[in-house]
Amino acid sequence: MTAMLTIENLSAWYGAARILFDLSFEVGRGEVVALMGRNGAGKTTTMKAIMGLVDRQGAVHFNGDDISRKRPFEIARRGLGFTPEDRRIFADLTVMENLDIGRQAPRAFPDGTPAPVWTPERLFTLFPNLGEMPNRPGGRMSGGEQQMLTVARTLMGNPLLVLLDEPSEGVAPLIVEQMANTIVELKKEGLSILLSEQNIHFAQLVSDRVYVLEKGQIHWQGSMEALAADQDVQKAYLTV
Ligand code: ATP
């Protein structure tokens, strides 16, 4: 499988505090990979380090290019989408206006295959709730709707790979299910996804492979099926 994202010896710091310790992992083209671990394990920091949003060291290759010294906007422009956990939608802007802000030009994979191109209309078939409220201000939506809007806005950038930080956190069960369906659809479209998740039930619905983090280090890696069958690893590192 062609690697879309390759991380080698990634470390990260908040000021003097070292948070990540030499992480190495990869996400193949068309793969859904889950980064799992409890609160504070370092999942969010890993995503921020990939995006260049925290002090980091190590090698990060995306789509064949070294992005380890690029700035966040340059990384995003290469087709690496990031959906942060804290949502960051514009509360005063409508659903449509929020989507417009995410718009970028269409892209292709290195072999010339076009990457999926997203329009609001297409996204509304993935997220019917958003289609029912195109003119609603972001600030007047539920947490789950805001979460969907954040994902939809990221997709408006026509990314090749998406980092999804805890998409199931704090949202209603119905929306969790929609979120899982969306991830499965995105995979079918050929996108690669790195997902951060604490909960094995959600991860199981969508993931091919898993890396388990604790205290900023990878403690286990393997297939989703292998993790689902391994009660010891689940008890040691996950919220069950
Ligand atoms: P969560 O599910 O809570 O987001 P996580 O696995 O994503 O957990 P991180 O948010 O990456 O974990 O946090 C990893 C460690 O970094 C934790 O010990 C946390 O306290 C610390 N940390 C996070 N943000 C900061 C910050 N801005 N300044 C200092 N330390 C931080």
Side-chain angles (χ1 to χ4, degrees), residues 5-27 32-60 62 67-68 71-73 75-76 80-89 143-144 146-151 153-154 161-173 175-176 179-180 183 192-207 209-222 224 227-228 230 233-240:
L5 185 67
T6 308
I7 311 293
E8 285 167 291
N9 297 317
L10 182 66
S11 296
W13 289 260
Y14 288 113
R18 186 169 179 184
I19 306 295
L20 301 182
F21 297 84
D22 299 311
L23 304 188
S24 296
F25 63 93
E26 64 177 32
V27 181
V32 179
V33 172
L35 213 50
M36 300 194 69
R38 296 199 180 99
N39 268 329
K43 305 179 297 295
T44 299
T45 306
T46 303
M47 295 194 165
K48 288 186 175 168
I50 293 169
M51 294 306 294
L53 293 163
V54 296
D55 280 345
R56 85 277 204 215
Q57 255 178 37
V60 181
F62 170 61
I67 58 163
S68 56
R71 289 189 289 164
F73 76 93
I75 295 172
L80 211 171
F82 175 41
T83 305
E85 187 177 27
D86 53 5
R87 296 174 189 146
R88 306 275 177 94
I89 55 157
Q146 292 185 358
Q147 185 72 288
M148 291 187 196
L149 182 55
T150 313
V151 177
R153 189 181 60 193
T154 303
L161 184 147
V162 184
L163 309 178
L164 280 178
D165 198 1
E166 302 216 33
S168 76
E169 211 209 341
V171 303
I175 293 187
V176 170
M179 202 60 86
I183 293 171
S192 316
I193 292 175
L194 179 66
L195 169 82
S196 112
E197 187 55 60
Q198 308 200 13
N199 184 308
I200 191 159
H201 303 297
F202 184 81
Q204 250 180 306
L205 297 173
V206 298
S207 317
R209 287 192 306 115
V210 182
Y211 295 92
V212 175
L213 278 183
E214 183 165 88
K215 298 202 173 103
Q217 288 181 298
I218 294 174
H219 283 261
W220 186 93
Q221 64 186 78
M224 189 68 239
L227 179 64
D230 194 330
V233 172
Q234 290 181 36
K235 281 203 196 97
Y237 302 116
L238 304 179
T239 312
V240 280

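As the structure lists them, so they are numbered: ligands from 1, and atoms in each ligand from 1. None of these values were measured; they are calculated from a predicted model.
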**Report entry** Where ligand 1 meets Gln198 - atom numbers and elements under 4.0 angstrom, heavy-atom basis
**Finding:** 2 (O)
Report task. May I ask you to identify the nearest protein heavy atom to atom 12 (O) of ligand 1, giving residue, atom name and distance to one decimal place in Å? Result ->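 Going atom by atom, the protein heavy atom closest to atom 12 (O) of ligand 1 ends up being Gly42 N, 3.2 Å.
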Report task. Would you mind telling me if ligand 1 is within reach of the side chain of Glu166, the backbone, both or neither, using heavy atoms under 4.0 Å? Result ->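 Contact part for Glu166 vs ligand 1: side chain (C-beta onward).
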Query - Residues, nucleotides or ligands: over 12 heavy atoms within 6.0 Å of His219 NE2 - result: yes
Report task. Could you tell me whether a side-chain N or O of Arg209 sits under 3.5 Å from a main-chain N or O of Val33, the two making a donor and an acceptor? Result -> no
Requested in this report: May I ask you to identify the nearest protein heavy atom to atom 14 (C) of ligand 1, giving residue, atom name and distance to one decimal place in Å?
Outcome: Gly40 O, 3.3 Å
Query raised in the report: When you measure from atom 3 (O) of ligand 1 to every protein heavy atom, which one gives the shortest distance, and what is it?
Result: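 Atom 3 (O) of ligand 1 sits closest to the protein heavy atom Asn39 OD1, 2.9 Å.
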Query raised in the report: Among Val54, Ile19, Thr46, which residue places a heavy atom closest to atom 16 (O) of ligand 1?
Result: Ile19
Report task. Please identify which atoms of ligand 1 are closer than 4.0 Å to at least one heavy atom of Ala41. Result ->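 Answer, ordered by atom number: 5 (P), 6 (O), 12 (O).
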Requested in this report: Evaluate the 4.0 Å heavy atom contact test for atom 5 (P) of ligand 1: does a protein atom fall under the cut-off?
Outcome: yes
Requested in this report: For Phe82 and Met47, work out which heavy atoms get closest and say how close.
Outcome: CE1-CB, 3.8 Å
Query - Sub-4.0 Å atoms of ligand 1 with respect to non-hydrogen atoms of Arg38 - result: 6 (O)
Report summary line: min-distance protein heavy atom vs atom 13 (O) of ligand 1 -> Thr45 OG1, 3.7 Å
Query - Closest approach of any protein heavy atom to atom 31 (C) of ligand 1, naming residue and atom - result: Tyr14 CD1, 3.2 Å
Query - Glu85 and Thr44: CA distance, side-chain angles, deciding distance, side chain to side chain donor-acceptor pair (under 3.5 Å) verdict - result: CA-CA 8 Å; Glu85 187 177 27; Thr44 299; 3.2 Å; yes
Query raised in the report: Distance-only, no hydrogens or angles: does the Gln234 side chain make a donor-acceptor pair with backbone N or O of Ala228 under 3.5 Å?
Result: yes
Query raised in the report: Can a protein heavy atom be found under 4.0 Å away from atom 19 (C) of ligand 1?
Result: no
Query raised in the report: Does Ser24 reach the main-chain N or O of Asn9 with its side chain, forming a donor-acceptor pair under 3.5 Å?
Result: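 Such a contact is found between Ser24 side chain and Asn9 backbone.
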Requested in this report: Start with the C-alpha gap between Thr150 and Thr83, add the side-chain angles, then the distance that decides, and say whether side chain to side chain donor-acceptor pair (under 3.5 Å) holds.
Outcome: CA-CA 6 Å; Thr150 313; Thr83 305; over 6 Å; no
Query - Heavy-atom donor-acceptor pair, Ser196 side chain to Lys43 backbone, under 3.5 Å - result: no
**Report entry** ligand 1 contacted by Ala17 (non-hydrogen, < 4.0 Å)
**Finding:**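 In this structure, Ala17 fails to qualify as a contact of ligand 1 - no heavy atom is under 4.0 Å.
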Report summary line: In this structure, atom 10 (O) of ligand 1 is nearest to the protein heavy atom Thr44 CB, 3.6 Å
Requested in this report: Check each of Thr46, Ile19, Leu10 against Arg56 using the side chain to side chain contact (heavy atoms under 4.5 Å, CB included) test, and report the only one that passes.
Outcome: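 Per the side chain to side chain contact (heavy atoms under 4.5 Å, CB included) rule, the option paired with Arg56 is Leu10, out of Thr46, Ile19, Leu10.
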